[in-house]
Amino acid sequence: MGPSAMLFRRPHVILYISLALAVAISALTAAVILQMRQDALAIARDSGHNIALLVERDLKHNLDAYDLALNTVLHAYREPSVLALPATVRNALLQDYVATTKGMGSIFLTDENGKVIFQFGKRMPQPASLALNELFASQRIAGDDALHISQPFLPLVEGAQRSIAVSRRLSTSDGSFAGVVVATLELDYLREQFSGLSLGKGGEVTLRMLDGTPLVRWPVLDTPIPDDRDTPAFSRFLLSSRGDFIETSHVDGQRSWYSFRRVGNYPLVFSVALPEQQIFLRWRLRAWTIGLLAAGLDLAIIGLALLAARQMRKRTALVSELREEAHTDALTGLNNRRAFDRRAAEEWSRTQRSGEPLALLMLDIDMFKAYNDHYGHPQGDVALRLVAQTIGGLARRPSDFAARYGGEEFVVLLGDSDLAKALALGEQIRAAVQARSLPHERGPLGILTLSVGVASTSECSAGSLEELLEAADGALYRAKSEGRNRVASYSADAVAAH
Ligand SMILES: Nc1nc2c(ncn2[C@@H]2O[C@H](COP(=O)(O)OP(=O)(O)OP(=O)(O)O)[C@@H](O)[C@H]2O)c(=O)[nH]1
C-alpha cells in the first residue's frame with residue numbers, strides 16, 4: 001500500500017501531521033520573536049554604552065583642560081620671572097593659555113584675602129559679589145591643593161548662568177593658604193552638548209555629582225531636575241565606575257535601561273536612560289505582525305487538514321458503499337452473482353489446499369413464472385425477497401455464503417461441509433419456505449415452495465468448481481423433475497423427497 005493510500009485509510013494521520021506542523025511553526029515563531037527582543041535590547045544597550053562612553057570621554061577631556069588651565073595660572077603665579085612681568089603682559093600671556101577651554105565662564109586667581117589678582121572670562125566676577133565664599137572658606141582650611149568641584153551656583157553677575165566652579169588651592173612654600181585659582185564652567189554649555197545626542201522618544205541623559213546633586217539633564221524638564229539620590233538607580237551608580245541595569249524611574253514610573261559611567265576621577269557620574277517601552281516599541285509591532293501571521297498560517301494548515309480529512313472520510317465511505325453495492329443484489333440484499341463467483345473461486349482453491357469438503361446448494365422457486373403471471377411482477381419481487389430472507393437467515397455460519405444466482409435461482413456455498421450437512425441445510429431451507437405458506441395457486445401445494453439441488457466434493461469427484469456447479473444444477477433438475485418442493489443430491493440415491 002502506497003503512502004497516499006495509507007493516508008486515505010487513516011485521515012486522522014493528516015490531522016496529527018498538521019498539528020505537529022502548527023506546533024513547529026509556533027515554536028519557531030516564538031524563538032524568532034524572542035531573539036528579536038534580545039536583539040532590540042542589545043541594540044539599545046550598545047547605543048546607551050556608546051553615548052555614555054563618548055560623553056564621558058568628552059567631559060573628562062574638558063575637565064582635564066580646565067585643570068590644565070588652573071595649573072597654568074597657578075604655576076605662572078609661582079614663577080618669579082612671570083610675576084616680574086607687567087600685569088597687562090602677564091594677563092595677556094595667560095589668557096592665551098586658558099582661552100582654549102570650552103564652556104568657560106571665567107577664571108580668576110585670588111590672594112589669601114580673596115582679592116582678585118588675575119581674572120579672565122566672559123563674565124568677570126566681582127570679588128565683593130563672589131558667590132564662592134563657601135568655596136574660598138573650604139579651600140582656606142583644606143590640607144591639600146587637590147582639584148575641587150563645587151556645588152552648582154548662580155554667579156552674582158548680570159547674564160551669568162548656572163555654573164560649577166573648579167578650583168585649586170594656592171599654598172606658600174610652608175604650606176599655608178595663599179589664595180585660590182578658580183574656573184567656572186557654565187552648565188548650559190554641557191546642556192547644549194547633550195542636546196545633540198539622539199536618544200529617541202523618552203530617552204534622557206543626566207550628569208550628577210557623586211553626592212547625588214543633579215547638574216544637567218537633557219531633555220530639559222519644566223520643573224527642576226528631580227533629586228534622585230535616594231533612588232535604587234542612583235545607589236547603583238555608586239557601586240562601580242560603569243555599568244548598566246534596568247530600573248523603574250522614580251520620575252515617570254517607567255522601567256528604563258540605564259547605562260552609566262563615572263567621569264574620570266572626578267566626582268561626577270553621567271547616565272543614559274532609555275525607556276523599556278520605547279526600546280521594545282518596534283519589536284512589539286513586529287512581534288504582533290509575525291505572531292498573527294504565524295497564527296493565521298497555523299489556523300490555515302489545521303483548517304485545510306480538517307477539510308482534507310473530512311473529504312477523505314467521505315471518499316472512504318463512498319468507496320466502501322460502492323464496494324458493498326458492487327457485491328450486493330439490489331432486490332434481495334443477498335450477495336450477487338459476481339460476489340458468489342469470487343467467493344466460490346476462493347473457497348475452491350482453499351479446499352483444494354486444505355482437503356476439506358466444499359458443498360453447494362442450488363435453490364429455485366417452483367413454478368415462479370406462473371406465480372408472476374398470476375400475482376404480478378411486483379408481488380413476484382416480494383416473494384423473491386421473502387425467499388432470500390429465509391435462505392440468508394439459515395445459512396449463517398461464517399463459512400456459509402448465500403447469493404442470488406440469477407432470476408429466481410439462489411446458491412449457498414458451504415465451506416467444510418459434506419453432503420449430509422448440505423442436505424440437512426437444504427431441507428431446513430425448503431421446509432422454512434414452505435412454512436411461510438405464501439399462497440401460490442399454481443404451486444405444487446397451493447403455496448410457494450422451492451426445490452434444492454445439493455452437491456459436495458465429499459461425494460462427487462468434481463475436478464473443478466464448474467463441475468461442482470453442474471452437479472448441483474443436475475441435482476436441482478432432478479428435484480424439479482421428480483415433483484418439485486424437494487431436496488436432491490447429485491446421485492439418485494441421495495434424494496430426499498417430500
Ligand atoms: N418478479 C420477478 N420475477 C423474476 C425475476 N427474475 C426472474 N423472474 C421470473 O422468474 C421466472 C422463471 O421462470 P422459469 O425459469 O420458466 O421457471 P419456473 O416457472 O419457476 O418453473 P420451474 O423452475 O420449472 O418450477 C420467469 O417468469 C422470470 O420472469 C425478478 O427479479 N422478479
Side-chain angles (χ1 to χ4, degrees), residues 321-322 324-344 359-395 401-414 422-423 425-455 460 466-492 494-498:
E321 207 174 294
L322 285 174
E324 180 88 4
E325 270 174 23
H327 293 97
T328 309
D329 174 62
L331 178 71
T332 61
L334 275 187
N335 296 299
N336 63 16
R337 173 73 178 268
R338 184 195 306 188
F340 169 77
D341 287 346
R342 219 166 76 179
R343 178 69 179 260
L360 190 70
L361 267 56
M362 287 206 103
L363 313 99
D364 188 284
I365 301 174
D366 296 329
M367 312 291 288
F368 195 57
K369 184 176 180 318
Y371 186 88
N372 260 338
D373 293 345
H374 187 75
Y375 297 98
H377 211 264
Q379 179 55 34
D381 288 352
V382 173
L384 277 171
R385 275 199 286 269
L386 188 118
V387 171
Q389 212 178 25
T390 310
I391 297 171
L394 289 169
F401 190 85
R404 187 179 177 197
Y405 198 63
E408 86 302 10
E409 207 169 2
F410 298 89
V411 278
V412 179
L413 196 65
L414 300 168
L423 281 169
L425 181 67
E427 173 52 25
Q428 242 183 316
I429 294 171
R430 187 208 61 76
V433 171
Q434 183 180 324
R436 294 265 179 160
S437 300
L438 200 69
H440 182 0
E441 262 192 11
R442 315 260 298 267
L445 301 178
I447 54 169
L448 194 84
T449 58
L450 50 67
S451 302
V452 186
V454 181
C460 83
E466 286 69 34
E467 282 179 26
L468 185 67
L469 275 162
E470 273 167 26
D473 197 43
L476 175 63
Y477 178 77
R478 277 210 7 244
K480 288 275 184 188
S481 59
E482 287 175 8
R484 298 187 174 82
N485 188 27
R486 65 197 59 219
V487 181
S489 73
Y490 76 102
S491 84
V495 177
H498 294 265

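When a ligand or atom number is given, it counts from 1 through the structure's own listing order. Note: hydrogens, waters and symmetry copies are ignored here, and every other heavy atom, side chains too, is used. Computed from a predicted model, the values in this text were never measured in an experiment.
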**Item:** Arg484 neighbourhood, listing ligand 1 atoms whose heavy-atom distance to it stays under 4.0 Å
**Value:** 22 (P), 24 (O), 25 (O)

**Numbered atoms of ligand 1 (with element) below 4.0 Å of Asp366, judged on heavy atoms** = 25 (O)

**Item:** Arg486 side chain to Arg484 backbone, donor-acceptor under 3.5 Å
**Value:** yes

**Request:** Using a 4.0 Å heavy-atom threshold (strictly under), name the region of Leu384 that reaches ligand 1: side chain, backbone, both or neither.
**Result:** side chain

**Request:** Answer yes when Arg337 and Asp341 have at least one side-chain N-carboxylate O distance shorter than 4.0 Å, and no when they do not.
**Result:** yes

**Prompt:** How would you list all residue pairs meeting ring-ring contact (aromatic ring centres under 6.0 Å, His included) that involve residues 374-394, not counting sequence neighbours?
**Reply:** Tyr371-Tyr375

**Message:** For Phe368 and Val387: C-alpha separation, side-chain torsions, deciding distance, then whether side-chain contact (heavy atoms from CB on, under 4.5 Å) applies.
**Reply:** CA-CA 12 Å; Phe368 195 57; Val387 171; over 6 Å; no

**Prompt:** Do ligand 1 and Leu331 have nitrogen or oxygen atoms that lie under 3.5 Å from each other?
**Reply:** no

**Fill in**
Of Ala370, Gly407, Gly380, the residue with the heavy atom nearest atom 6 (N) of ligand 1 is Gly407

**Item:** Partners meeting side chain to side chain donor-acceptor pair (under 3.5 Å) with Asp329 (sequence neighbours left out)
**Value:** Thr332, Arg404

**Asked** Does ligand 1 have any atom that is closer than 4.0 Å to a heavy atom of Arg404?
**Response** yes

**Request:** Given side-chain contact (heavy atoms from CB on, under 4.5 Å), test Asn485 with Gln434 step by step and report yes or no.
**Result:** CA-CA 8 Å; Asn485 188 27; Gln434 183 180 324; 3.2 Å; yes

**Protein contact to atom 19 (O) of ligand 1 [nearest heavy atom, distance to 0.1 Å]** = Lys369 N, 2.8 Å

**Prompt:** Backbone, side chain, both or neither: what part of Asn372 comes under 4.0 angstrom of ligand 1, heavy atoms only?
**Reply:** side chain

**Message:** Using the rule given for side-chain contact (heavy atoms from CB on, under 4.5 Å), can you reason through Asp473 versus Glu409, listing the C-alpha separation, both sets of side-chain angles and the distance that settles it, and then say yes or no?
**Reply:** CA-CA 11 Å; Asp473 197 43; Glu409 207 169 2; 3.8 Å; yes

**Prompt:** Any idea which protein heavy atom is nearest atom 32 (N) of ligand 1, and the distance to it?
**Reply:** Asp381 OD1, 2.7 Å

**Message:** Show me which atoms of ligand 1 lie under 4.0 Å from any heavy atom of Asp364.
**Reply:** 23 (O)

**Message:** Please list the nearest protein heavy atom to atom 22 (P) of ligand 1 with its residue and the distance rounded to 0.1 Å.
**Reply:** Lys480 NZ, 3.6 Å

**Request:** Could you walk me through whether Asp366 and Ser451 pass side chain to side chain donor-acceptor pair (under 3.5 Å), step by step?
**Result:** CA-CA 7 Å; Asp366 296 329; Ser451 302; 2.6 Å; yes

**Complete:** for atom 14 (P) of ligand 1, nearest protein heavy atom and its distance come out as Glu408 OE2, 4.1 Å

**Message:** Can you confirm whether Phe410 sits close enough to Thr390 that some side-chain heavy atom of one is under 4.5 Å from a side-chain heavy atom of the other?
**Reply:** no

**Asked** What protein heavy atom is closest to atom 20 (O) of ligand 1, reported as residue, atom name and distance in Å?
**Response** Phe368 N, 2.7 Å

